[in-house]
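Here is the structure we will look at, set down as structure tokens.
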Protein chains: 2
Amino acid sequence: MTLGQKIKELRESSGMFQRELASKLEIGDGFLSKVESNQKTLKREHLLTLSKIFNYPFSELNALWIGTKLYEIVKDEQEGLNALKVAEQQLSYEKIENARN
Amino acid sequence: MTLGQKIKELRESSGMFQRELASKLEIGDGFLSKVESNQKTLKREHLLTLSKIFNYPFSELNALWIGTKLYEIVKDEQEGLNALKVAEQQLSYEKIENARN
DNA sequence: CTACATTTGACCTAAATAAGTCAAGTCTAA
DNA sequence: TTAGACTTGACTTATTTAGGTCAAATGTAG
């Protein structure tokens, strides 16, 4: 699930048109269309607005936002999956380090 | 293991000084010092050079290069780990999709 | 066919990032 | 105590990315 897909899903399941949601977010509907197909990214502040409009957990939107961004980086990479593993290891290592201090 | 750490490790285990390696890469030694501590990133072309100098697999350097970049993005994120999972899922999903066609 | 929803392509500007340099400061052994 | 190895901070310039707009093209139900 990408952020774009999730937004589209939330929007449609609440019977809203792009123009309506776009206006709530104060962006053009052409832009929203691209956001829903992951051709463009939303500003991060918009996530909070979305979370309120659809009563959907902010943390999940946040994870999708970052995750989609990461995916854009690795999607055409030979070593994409390994790179994700590397990042994961560094992240858990850092956590342990911090816990020690 | 970060890319910087790996480079330092390779360099030291081959008894080379920063100035020597820096000159092979045609960069300043101050810059290399920062690269080794992940304060700066190397150009990607440099990875091939490193791979040859140290006779170390390019693919691994590549994975470290991208991985370290990903880590920089997620390291201060609440949802960092989840975001990595999201990206991983998208990546494997895409693979399946491609395999179907 | 035509009205409305959506998608797409071309374009734009401001802000951020990449990829360094250089000089000064620090560390460490001899 | 001083040379050589390394680190750090301040700065720079060129390129990329973010975050859009707008009009035209396309999809689609009635």
Side-chain angles (χ1 to χ4, degrees), chain A residues 2-51 53-54 61-62 64-77 83 87, chain B residues 2-51 53-54 61-62 64-77 83 87:
Chain A
T2 65
L3 180 60
Q5 280 163 22
K6 175 53 76 182
I7 292 174
K8 183 166 193 169
E9 182 183 301
L10 289 169
R11 176 178 62 77
E12 288 181 338
S13 75
S14 82
M16 208 180 285
F17 294 125
Q18 282 184 348
R19 54 166 55 260
E20 299 177 63
L21 180 53
S23 104
K24 293 195 194 230
L25 295 174
E26 299 179 278
I27 58 178
D29 49 341
F31 186 63
L32 178 56
S33 170
K34 285 173 197 164
V35 168
E36 290 187 351
S37 52
N38 299 302
Q39 297 171 60
K40 295 285 178 172
T41 53
L42 274 182
K43 267 202 268 192
R44 222 149 168 192
E45 303 97 86
H46 287 320
L47 297 184
L48 188 56
T49 313
L50 287 174
S51 151
I53 293 176
F54 297 117
L61 295 177
N62 209 13
L64 285 172
W65 190 91
I66 307 166
T68 301
K69 176 172 176 175
L70 298 177
Y71 172 69
E72 283 304 308
I73 294 175
V74 298
K75 70 167 191 241
D76 297 320
E77 294 286 353
Chain B
T2 65
L3 180 60
Q5 280 163 21
K6 175 55 75 180
I7 291 173
K8 183 164 193 171
E9 182 183 301
L10 290 169
R11 176 178 64 78
E12 289 182 337
S13 75
S14 83
M16 205 180 287
F17 295 126
Q18 282 183 348
R19 53 166 53 262
E20 300 177 63
L21 180 54
S23 104
K24 291 197 195 231
L25 295 173
E26 299 179 277
I27 58 179
D29 49 340
F31 187 64
L32 178 56
S33 170
K34 285 173 196 163
V35 167
E36 290 187 352
S37 52
N38 299 302
Q39 297 170 59
K40 295 286 178 171
T41 53
L42 273 182
K43 269 204 266 192
R44 221 148 169 195
E45 304 96 86
H46 287 319
L47 297 183
L48 189 56
T49 313
L50 287 174
S51 151
I53 293 176
F54 297 117
L61 295 177
N62 210 11
L64 285 172
W65 190 91
I66 307 165
T68 300
K69 176 172 173 175
L70 298 177
Y71 172 69
E72 282 304 308
I73 294 175
V74 298
K75 70 166 190 242
D76 296 320
E77 293 287 352

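Proteins come first, then strands; the chains are lettered A, B, ... in the order of their sequence lines, and each starts at number 1. Only a predicted model underlies this, so the values are computations on that prediction, with no experimental measurement involved.
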Run the numbers on B:Leu21 and B:Leu32 for side chain to side chain contact (heavy atoms under 4.5 Å, CB included), then give the verdict.
-> CA-CA 8 Å; B:Leu21 180 54; B:Leu32 178 56; 3.9 Å; yes
For residues A:Phe31 and A:Lys40, report the shortest heavy-atom separation together with the two atoms involved.
-> CE1-CB, 3.5 Å
I would like to know whether A:Thr49 and A:Lys24 meet side chain to side chain contact (heavy atoms under 4.5 Å, CB included); could you show each step before the answer?
-> CA-CA 8 Å; A:Thr49 313; A:Lys24 293 195 194 230; 5.6 Å; no
Are side-chain N/O atoms of A:Gln18 and A:Glu36 paired as donor and acceptor at under 3.5 Å?
-> yes
If we fit an axis to the first five pairs and another to the last five of the helix from C:dC1-D:dG30 to C:dA30-D:dT1, what angle do they make, to the nearest 10°?
-> 40°
Tabulate atom names and distances for all N/O pairs under 3.5 angstrom spanning the protein and nucleotides 6-10 of chain C.
| from | atom 1 | to | atom 2 | distance (Å) |
| --- | --- | --- | --- | --- |
| C:dT6 | OP1 | A:Arg11 | NH1 | 3.0 |
| C:dT6 | OP2 | A:Gln18 | N | 2.7 |
| C:dT7 | OP1 | A:Lys8 | NZ | 3.3 |
| C:dT7 | OP2 | A:Gln18 | NE2 | 2.7 |
| C:dT7 | OP2 | A:Ser33 | OG | 2.9 |
| C:dT7 | O5' | A:Ser33 | OG | 3.4 |
| C:dT8 | OP2 | A:Gln39 | NE2 | 3.3 |
| C:dG9 | O6 | A:Lys34 | NZ | 2.3 |
| C:dA10 | N6 | A:Lys34 | NZ | 3.1 |

Could you tell me whether the phosphate oxygens of C:dG20, OP1 or OP2, come under 4.0 Å of any side-chain nitrogen or oxygen in B:His46?
-> yes
Judged by atom type as modelled, is there a donor-acceptor pair below 3.5 Å linking the side chain of B:Asn38 to the main-chain atoms of B:Gly4?
-> yes
How long is the line joining NZ of A:Lys69 and P of C:dA16, in whole Å?
-> 12 Å
With sequence neighbours left out, the residues meeting salt bridge (Lys or Arg N to Asp or Glu O under 4.0 Å) with B:Glu20 are none
Nearest heavy-atom approach of B:Trp65 to B:Leu42 is NE1-O, 3.0 Å
Please name all residues satisfying side chain to side chain donor-acceptor pair (under 3.5 Å) with A:Glu72, sequence neighbours left out, ordered by chain then number.
-> A:Lys75
Positional range of nucleotides in DNA chain D within the contact set of chain B, heavy-atom, under 4.0 Å | D:dA5 to D:dA10
Could you tell me which residues satisfy side chain to side chain donor-acceptor pair (under 3.5 Å) with B:Gln39, sequence neighbours excluded, listed by chain and number?
-> B:Ser37
B:Ser51 side chain to B:Leu47 backbone, donor-acceptor under 3.5 Å = no
To the nearest angstrom, the CH2-P distance between B:Trp65 and C:dA19 comes to 6 Å
